[in-house]
Amino acid sequence: IRRFDPWGLYYDGVGNINKREFDKAISIFNKLISKIDPGGIVHRYKIYPPNCPGQCCALINKLSEFQKYWLIKAYGNRGVCLGYKKEYQEAINDFDDVLKIDNRNIKSLHNKAHIRLINKDFDTAIEDLSKIISIDPENSKSYLKRGMAYREIGENEKGYKDLNYHGYLIKEKNVKY
């Protein structure tokens with residue numbers, strides 16, 4: 001009997017991402033997801049706002065810590081692969097699935113915002129970046145990207161404020177980009 005090895009699958013998937021073999025990586029992350037969530041319960045739940053107090057999502061109580069850990073990794077990395085393949089809506093769906101498990105997952109919010117910026121959906125990108133800032137007020141990359149998005153929609157004063165704050169965080173507070 002062969003034992004299930006999530007680390008092995010995960011590292012195989014990441015290795016394929018590094019080789020830019022996204023279809024192979026997606027196939028591996030699909031295996032990981034199907035082993036950990038065979039019933040696909042993640043898709044049946046909605047996303048809650050990142051400032052929701054406590055364990056407000058019923059999904060949180062249905063998944064073990066093991067499942068949460070691996071599904072976040074698998075959906076997040078599969079979303080990255082789909083983004084590289086320019087399958088943007090599918091990528092956003094995967095990042096949303098991560099957010100169903102952890103509604104404060106900054107990586108998934110950032111990845112969603114990045115895709116929205118690529119697609120010139122600046123208003124929604126600003127919403128995603130603002131969520132990140134509400135979770136981590138010193139996330140300098142979010143101020144930079146949000147500032148640029150504000151400038152794209154003609155809100156130059158807000159853009160200037162965010163870009164200045166990004167510079168302040170980098171220079172004065174030594175926050176890493």
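Worth saying up front: this structure is predicted, and the values here are computed from it rather than measured.
Judged by the 6.0 Å distance and 45° axis criteria, K112 is not positioned over the aromatic ring of F95.
Applying the salt bridge (Lys or Arg N to Asp or Glu O under 4.0 Å) criterion to K173, with sequence neighbours excluded, gives E138. Partners of D23 under the salt bridge (Lys or Arg N to Asp or Glu O under 4.0 Å) rule, at least two apart in sequence or in another chain, are K85. Qualifying side-chain contact (heavy atoms from CB on, under 4.5 Å) partners for I106, counting only residues two or more places apart in sequence or in other chains: H110, I132, I135, D136, N139. Scanning for side chain to side chain donor-acceptor pair (under 3.5 Å) contacts around E21 gives K24, with sequence neighbours left out. Contacts of Y168 classified as ring pair (Phe, Tyr, Trp, His ring centres under 6.0 Å), with partners at least two apart in sequence or in another chain: Y165. For R151, there are no salt bridge (Lys or Arg N to Asp or Glu O under 4.0 Å) partners at least two apart in sequence or on another chain. For Y11, the side chain to side chain donor-acceptor pair (under 3.5 Å) criterion is met by no residue, not counting sequence neighbours. When the side chain to side chain donor-acceptor pair (under 3.5 Å) test is applied to N105, the partners found at least two apart in sequence or on another chain are S108.
The minimum heavy-atom distance linking A125 with A113 is given by the pair CB-O, 3.9 Å. What you find for I17 and A25 is that their closest heavy atoms are CG1-CB, 3.8 Å. Shown here for A91 and G83, the closest heavy-atom pair between the two residues is CB-N, 3.7 Å. Scanning both residues, I170 and S140, for their nearest heavy atoms gives CD1-OG, 3.7 Å.
Taking CD of E87 as the reference point, atom CG of N93 lies at 11.5 Å (rounded to 0.5 Å). To the nearest 0.5 angstrom, L63 atom CG is 15.5 Å from Y69 atom OH. Going from atom CG of L109 over to atom CD of E127 covers 11.5 Å, rounded to the nearest 0.5 Å. With values rounded to the nearest 0.5 angstrom, E90 atom CD is found 13.0 Å from C81 atom SG.
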task = Take L99 and D96 through the side chain to side chain contact (heavy atoms under 4.5 Å, CB included) test and state the conclusion after the steps.
result = CA-CA 5 Å; L99 293 166; D96 281 342; 4.1 Å; yes
inquiry  = Walk me through whether L32 and R78 qualify under side chain to side chain contact (heavy atoms under 4.5 Å, CB included).
reply    = CA-CA 10 Å; L32 193 53; R78 188 176 72 179; over 6 Å; no
request  = Kindly determine whether N164 and Y143 satisfy side chain to side chain contact (heavy atoms under 4.5 Å, CB included), including the steps that lead there.
outcome  = CA-CA 9 Å; N164 266 352; Y143 287 101; over 6 Å; no
task = List the steps and the verdict of salt bridge (Lys or Arg N to Asp or Glu O under 4.0 Å) for K68 and D102.
result = CA-CA 8 Å; K68 291 176 204 173; D102 175 8; over 6 Å; no
key: Audit row: D97, K100, side chain to side chain contact (heavy atoms under 4.5 Å, CB included) steps and yes/no   = CA-CA 5 Å; D97 283 344; K100 290 174 188 177; 3.0 Å; yes
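Sorted pairs that involve residues 4-20 and meet salt bridge (charged side-chain N to carboxylate O under 4.0 Å, His left out), not counting sequence neighbours, are lacking altogether. Applying the salt bridge (charged side-chain N to carboxylate O under 4.0 Å, His left out) definition to pairs two or more places apart or across chains, those involving residues 157-167 are R146-D162, E155-K158.
Clustering ILVMFWY residues whenever any of their side-chain heavy atoms sit less than 4.5 angstrom apart, transitively, puts L82 in a cluster other than the one holding V42. Cluster membership check: I26 does not share its hydrophobic cluster with I28, using side-chain heavy-atom separations under 4.5 Å among Ile, Leu, Val, Met, Phe, Trp and Tyr.
Listed by chain and number, the hydrophobic cluster partners of F122 are L117, I126, Y150, I153, where partners are ILVMFWY side chains within reach of under 4.5 Å, directly or through others. In this structure, Y160 shares a hydrophobic cluster with no other residue, the cluster being traced through Ile, Leu, Val, Met, Phe, Trp and Tyr side chains under 4.5 angstrom apart.
The backbone N or O of L169 lies less than 3.5 Å from no partner atom in the side chain of E172, so there is not a single donor-acceptor pair. The main-chain N or O of I33 is never found under 3.5 Å from a side-chain atom of D37 such that the two would form a donor-acceptor pair.
The aromatic rings of W70 and Y10 sit perpendicular, their planes meeting at an angle over 60°, well past the 30° parallel limit.
In this structure the side chain of K86 never reaches within 4.5 angstrom of the side chain of Y84, judged on heavy atoms. Side-chain contact between Y75 and V80 is absent, with no heavy atoms from C-beta onward closer than 4.5 Å.
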